Amino acid sequence: MNILHRSLAVAALAACTLPASAASAASADEVSSLLAAADHYRMSSENMRVETLVSVSNADGTPDKERRYTVYVQARHQSLVLMKSPAEKGQKVLMLGDDFWLMLPGSQRALRITPMQKLLGDASTGDIATLSWAEDYSGKLVGDEPCGEPEQTCQHLSLAADRKGVTYQRIELWIGKKHHEPVKADLYVQSDKLAKQARFVMDKPAAPTMVTEMLLRDQLTSKKDTRVRYVDRKEQTLPESWMNPMFLAHNPGLE
């Protein structure tokens with residue numbers, strides 16, 4: 001039985017054995033299993049290369065900008081983002097635990113940044129480079145609620161960050177009750193202000209296997225829509241040397 005099937009089995013058992021009135025009493029292990037199942041729709045392995053296309057639309061629906069990124073998500077909270085579009089080509093973002101660095105072409109110094117720093121539109125560095133709810137958050141199961149289009153029954157989880165380096169300190173997450181796929185999320189920053197609302201697009205809504213897109217709507221300033229498309233995913237483990245900001249700064253042609 002693989003990781004996803006084990007997670008779904010535990011999550012399904014939790015859903016069946018807990019009535020709605022007792023949902024908030026779900027154990028930490030049960031919530032963690034639900035989050036692991038939801039995570040698997042976005043990342044099927046600890047070490048992945050994800051080709052990502054980010055596009056921004058104005059409030060009136062007209063297109064604004066588009067950028068391409070190659071994202072390497074690695075075990076132990078490590079990620080590397082290579083920027084591929086002509087306007088940003090050669091830039092890199094490295095995440096090691098709670099620390100983020102930006103490497104610029106022509107510079108041999110790595111600049112410290114925050115996970116909230118924008119890449120494009122409403123997609124922040126943390127949105128692109130970090131993808132694990134089960135590892136970064138704990139919380140409670142609020143209960144069953146209607147959600148999604150067409151309307152479906154979801155399990156509502158209220159999550160609090162366990163690490164300081166995550167982009168959002170609180171997340172209200174809704175996952176499908178039957179398959180435990182992510183459906184939508186309200187994303188809150190440290191001041192507990194609602195920063196963004198996310199919607200997740202699945203490959204096959206009736207029998208989902210992966211998230212193909214994440215749609216972000218800014219709730220603080222721009223009100224623009226940002227579409228994050230996961231164009232291609234492959235398992236790939238990077239050399240350990242790539243996970244060093246000094247190495248990246250001194251190897252500008254790294255691909």
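A quick note: this is a predicted structure, and the numbers were derived from the prediction, not measured.
The minimum heavy-atom distance linking Asp162 with Ser138 is given by the pair OD1-OG, 2.9 Å. Contact record, Pro245 with Ala110: CB-CB, 3.9 Å, taken as the closest heavy-atom pair. Heavy atoms only, all atoms of each residue included: Ala207 and His179 are closest at CA-NE2, 4.4 Å. Closest approach of Leu216 to Ala198, counting heavy atoms only: CD2-CB, 3.8 Å. Here the shortest heavy-atom pairing between Ser57 and Lys224 reads O-CB, 3.4 Å.
Under the 4.5 Å side-chain heavy-atom criterion for grouping Ile, Leu, Val, Met, Phe, Trp and Tyr, Ile175 is not connected to Leu215 through any hydrophobic cluster. Tyr41 and Val183 sit in two unconnected hydrophobic clusters of ILVMFWY residues. Membership requires side-chain heavy atoms under 4.5 Å apart, directly or through other members. Hydrophobic clustering places Leu104 together with Val93 (ILVMFWY residues linked when any side-chain heavy atoms are closer than 4.5 Å, directly or through intermediates). Under the 4.5 Å side-chain heavy-atom criterion for grouping Ile, Leu, Val, Met, Phe, Trp and Tyr, Val211 is not connected to Leu53 through any hydrophobic cluster. Under the 4.5 Å side-chain heavy-atom criterion for Ile, Leu, Val, Met, Phe, Trp and Tyr, Met210 and Leu35 are members of distinct hydrophobic clusters.
To the nearest 0.5 Å, atom CG of residue Leu141 and atom CD of residue Glu30 are 8.5 Å apart. Interatomic distance, CD of Glu51 versus OH of Tyr230, reported as 13.5 Å (0.5 Å rounding). In this structure, the separation between CG on Leu102 and CD on Gln91 is 6.0 Å, given to the nearest 0.5 Å. Atoms CD and CG, on Gln74 and Leu238 in that order, are 4.0 Å from each other to the nearest 0.5 Å. Separation of atoms CG (Leu248) and CG (Leu82) is listed at 8.0 Å; rounding is to 0.5 Å. Atom CD of Gln169 and atom CZ of Arg163 lie 10.5 Å apart (nearest 0.5 Å).
You'll find the side chain of Ile171 reaches within 4.5 Å of the side chain of Tyr137, heavy atoms only. Residues Gln155 and Trp174 have side chains not in contact (no heavy-atom distance under 4.5 Å, counting atoms from C-beta outward). Between Thr70 and Val81 the shortest side-chain heavy-atom distance does not fall below 4.5 Å. Val54 has its side chain within reach of Tyr69: a pair of non-hydrogen atoms, C-beta onward, lies under 4.5 Å apart. Residues Trp242 and Leu80 are in side-chain contact: their nearest non-hydrogen atoms beyond the backbone lie under 4.5 Å apart. With contacts defined as side-chain heavy-atom distances shorter than 4.5 Å, the pair Asp232/Arg49 qualifies. The closest side-chain heavy-atom distance from Thr212 to Met202 is not below 4.5 Å. In this structure, the side chains of Gln78 and Tyr72 stay at 4.5 Å or more apart for every pair of heavy atoms.
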Quiz item: Under the side-chain contact (heavy atoms from CB on, under 4.5 Å) criterion, do Glu235 and Met48 qualify, and how do the steps go?
Solution: CA-CA 4 Å; Glu235 289 191 34; Met48 297 285 294; 3.8 Å; yes

Quiz item: Can you list the steps and then say if Leu94 with Met103 is a side-chain contact (heavy atoms from CB on, under 4.5 Å)?
Solution: CA-CA 8 Å; Leu94 177 66; Met103 277 65 68; 3.9 Å; yes

Self-check item: Criterion side-chain contact (heavy atoms from CB on, under 4.5 Å) on Lys177 and Cys154, from CA distance to verdict
Solution: CA-CA 5 Å; Lys177 184 175 176 63; Cys154 285; over 6 Å; no

Exercise. Mind running salt bridge (charged side-chain N to carboxylate O under 4.0 Å, His left out) on Lys65 and Glu88 for me, showing each step along the way?
Key: CA-CA 12 Å; Lys65 297 178 182 178; Glu88 302 173 326; over 6 Å; no

Exercise. Test Glu172 against Leu159 for side-chain contact (heavy atoms from CB on, under 4.5 Å), laying out the working first.
Key: CA-CA 6 Å; Glu172 300 299 317; Leu159 309 177; over 6 Å; no

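Between the side chains of Asp29 and Ser27, not a single donor N or O lies within less than 3.5 Å of an accepting N or O. For Gln197 and Gln219, the side-chain atoms include at least one donor-acceptor pair closer than 3.5 Å. A donor-acceptor contact closer than 3.5 angstrom links the side chains of His77 and Asp136. Counted by atom type alone, Asp144 and Thr153 present zero donor-acceptor pairs between their side chains at under 3.5 Å. A donor and an acceptor atom, one from each side chain of Tyr168 and Asp127, are located under 3.5 Å apart.
Of the possible donor and acceptor atoms, none in the side chain of Arg229 sits under 3.5 Å from a partner among the backbone N and O of Met214. The backbone N or O of Ser132 lies less than 3.5 Å from no partner atom in the side chain of Glu135, so there is not a single donor-acceptor pair. No donor-acceptor pair under 3.5 Å is formed between the side chain of Ser85 and the backbone N or O of Ala87. With Asn58 contributing its side chain and Asp60 its backbone, the two residues share no donor-acceptor pair below 3.5 Å.
At most 12 non-hydrogen atoms from other residues, nucleotides or ligands lie less than 6.0 angstrom from CD of Gln190. Shown here is Arg68, whose CZ atom has no more than 12 heavy atoms of other residues, nucleotides or ligands within 6.0 Å.
Ring-plane geometry between Trp133 and Phe200 is classed as perpendicular, the angle between the planes exceeding 60 degrees on a 0 to 90 degree scale with a lower cut at 30.
Ion pairing of Lys196 with Asp218 is absent here, as no side-chain N (NZ or NE/NH1/NH2) approaches a carboxylate O to less than 4.0 Å.
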